[in-house]
Every structure is written in C-alpha cells, then in structure tokens.
Amino acid sequence: MCGRFALRLGRDRIRQVPGYNLDVDEWENEDEFVPRYNIAPRTQAPVIRHRGAADGGEPTDSSDKMIMQTMKWGLVPHWSKVEDKTLSTTNARAENLVEGGGMWGSLRGSKRCVIPVQGYYEWLTKGKQKLPHFTKRKDGGLMLLAGLYDSAVIDGRTLWTFTIVTTSANSSFSWLHDRQPVILSSTSSVLAWLDTSTTPTNTSWTKQLTQLVQPYSDKNVELECYQVPQEVGRVGTESETFIQPIKSRKDGIQAMFMKQKEVKRKREEDTEVIGVKDEDDGPSKRAKTEDADVEEHDEKPPKKLKAEGSSSGFKPSSSSQPPSQSQERKPKPSPTKEKGIPETT
DNA sequence: CCAGACGTTGTT
DNA sequence: GTCTGG
DNA sequence: CCAGACGTTGTT
DNA sequence: GTCTGG
C-alpha cells in the first residue's frame, strides 16, 4: 500500500502546498527532486518537517521553521552502516507506531514529517489482474501524508530517508485495499503531526497523535478514486494520463463505436467518487480551497496506450457497504487495533 | 550470551 | 541503537 | 499467497 | 490443522 505516488507540479507550486495554509521557508536539495507522475520507492521526493528536528531530534513546536527537504523514499535507520535494500521500510504501520516498540520507537517522537503528493496509486486485485487506481483530493489540492524520516551516515555520506505511515483503509476504500496512507487533510492536523514538542521522548505518545493515524474520516475534504492506465505499473514510465481516469480516453474510442452500435449494459464506472460521507450529509458545500491545480505539462502521453484488460466490471458499490465489516457493535478500544475514533480538525 | 533482525506488501 | 531468537 | 514448519536446550 | 516466512 502506498508504494507509488504522483507529484508532478512545478517546484514553486509544490512549495506553496496548495490546499493547506503552511509557511515553508526553504527547500533543501531542491535539485535532487524531479517532479514526476510515477514516483516509486528508492527515489527522491520532498518532505516537509520542522527545521529544529534535524539533528538530535530536539523537540520542535509550531514556532519552528518549516522546511522542505528532498529525501530518499525507504527509511534507512540512523544506526545503519550500510543501506540494506532488503529491508522494506517504504511504509510504517500506524499500529506499530502507536505500540512504540521496534524500529519506529526512536523516530515516532521526534522525526515526524509529511509528504506532499497529488495523489497515490493503489492496485485493485481483481482475479488475476491488478488494476491501478489513483486517489486524490477532489478539490485538486495536494495531499499531505504522514511520514517519518531519519538520517544515516553511509560510507561517510549522510543519507536522508523517509517512510509513509499506513493505517486501516476507511470503509469507503476497503473495496480497493485494506490499507491506506495516513492522510492529514487539514492544516491543523498537519501542524499537530509536525509538532514534536508534545512527544519529547520515545515513550510518550499522545492520544491526539493516535487519533491522527486513524483511518481517514474528514468529511470536509472529499477524495476521489478512479482507474488509471496499466502503464503506471512500470517503474520509470511517465505520462500525464497516469493521474487521469482511463474513462476519458475510452470515451473517444467508444464514441466511434457508438455510431454503429448501441451500448447496452454499461456499468463501467471508472470514476468512482468517494466522499467519506456515510448516509446523509447535509448540504455539503465545500469551501473551495484556494487555487489548486494545474501545472506545466510537457509530457507526451505514450502514443500507444491501448485499452487495458479490464474494460468493464468495476465495483464501486461497496462505497456504502464495506465487504469485510459485518459487525454491528461499535468498535471498542482494543489494545492493538483500531479504536473507532472519528474526526479531527 | 551473541548473532541477527529490526519492515511491509503482496507481480505491477 | 535495541530487541529477539537460538 | 503458498510452501513449509510445527520443538527445546543452551558444555563451554 | 494452523502459523510463519519468504
């Protein structure tokens, strides 16, 4: 989960963090990052953290400067002497963070960061097929994902790395996968996550932080998810179409067919919109967060993107009734698993 | 007691 | 660095 | 997800 | 049969 994401905006645009109200002063190693639609582990990406947390992990609060820094995806702990490529540290499970032991114990209190993305990819397992989907904010703002970072001295060089925190998938997303990255959708939740003055030691972890890593539940920021081209699965490929619904491409082709043939059973939902709305949510008027979109394109889509396998059958239904959840009792706090905590702002 | 793991996901 | 497994 | 283990002691 | 490791 969360093993791929997109961040293809001009650097100036990224610095503004559209969708949030943050003051990011500078960007270290800016040149080491190349905006891309297809960002995979072990490549460089920007993260946002507080300046003071850099070395030693001194507690920092919201008064500290916030900076952006290009780091390598896949956390290499500070005690590593070599870069162990067999260690999977692309993600950090929220459950293990909360427990406090293990590898994350020394980082969770002082090395927290957020990762700006336009959206992330997830592969829906459908029979034998793996169908890539893209999840993003409906309003086009960036998504800030909760992360941890560290620095290690490898061969005399300081290597900065990060990992993305994952949690259980929200019931609206469980049809796609059972895990999701922790999405910090409001400025205040981001500030809370980055403020390490509240957790100065490795052994303290506040209830608020535990709440922040719960499954996504912000009704004020809707997310959408749709299928995208298979080609995104190939590491190293790039196309603007990777963050666009494949539906838009099919339309063109189908339009031709439709002249001759009528389309009958067409349930083809490429664009499932998933708000985190339960049954009813009143008149929801999203406050259009500030400007937030376009970038500069120059990328030419692969010339030959033929419609991939699964053209049809997609199952959005579960948006309302999660597959694997059949309990009626409200979840009660269980030591290791989720505590049904909602909301945060 | 010391060597070895320490992590997550699930083909892409 | 610290915990775990053998 | 499937293959393979599934146990305990700890002398040196 | 069920848990664990890869």
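Here the structure is a predicted model, which means the values were calculated and not measured.
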A.B. asks: For A:Pro46 versus A:Trp27, what's the shortest heavy-atom pair and its separation?
C.D. replies: CB-CZ2, 3.5 Å
A.B. asks: Test of understanding: with side chain to side chain donor-acceptor pair (under 3.5 Å), list the residues that count as partners of A:Asn96, not counting sequence neighbours.
C.D. replies: none
A.B. asks: Can you tell me if CG on A:Asp155 sees more than 12 non-hydrogen neighbours from other groups inside 6.0 Å?
C.D. replies: no
A.B. asks: Between B:dT9 and E:dT4, how far apart are the two C1' atoms, rounded to whole Å?
C.D. replies: 16 Å
A.B. asks: Summarise how protein sits on nucleotides 7-12 of chain B as a single string, 5' to 3': B when a protein heavy atom is under 4.0 Å from the base, S for sugar-phosphate-only contact, - for no contact.
C.D. replies: BBSSBB
A.B. asks: Backbone N or O of A:Gly74 within a donor-acceptor pair of the A:Thr90 side chain at under 3.5 Å?
C.D. replies: no
A.B. asks: Sort out the partner of E:dT2 for me: Watson-Crick or G-U wobble, both distances under 3.5 Å, none otherwise.
C.D. replies: D:dA5
A.B. asks: Please determine which of A:Phe134, A:Tyr37, A:Phe5 meets the ring pair (Phe, Tyr, Trp, His ring centres under 6.0 Å) test together with A:Tyr121.
C.D. replies: A:Phe134
A.B. asks: Can you see which heavy atom on A:Ser185 is nearest to which on A:Arg137, and at what distance?
C.D. replies: O-NH1, 3.6 Å
A.B. asks: Please state the P separation for the pair D:dC6 and B:dT8 - nearest whole angstrom.
C.D. replies: 24 Å
A.B. asks: When the P atoms of C:dG5 and B:dG7 are considered, how many whole Å apart are they?
C.D. replies: 11 Å
A.B. asks: Rounding to a whole Å, what distance do you find between A:Asp84:CG and B:dA5:P?
C.D. replies: 9 Å
A.B. asks: Round to a whole Å and report the spacing from CG of A:Leu75 to P of C:dG1.
C.D. replies: 16 Å
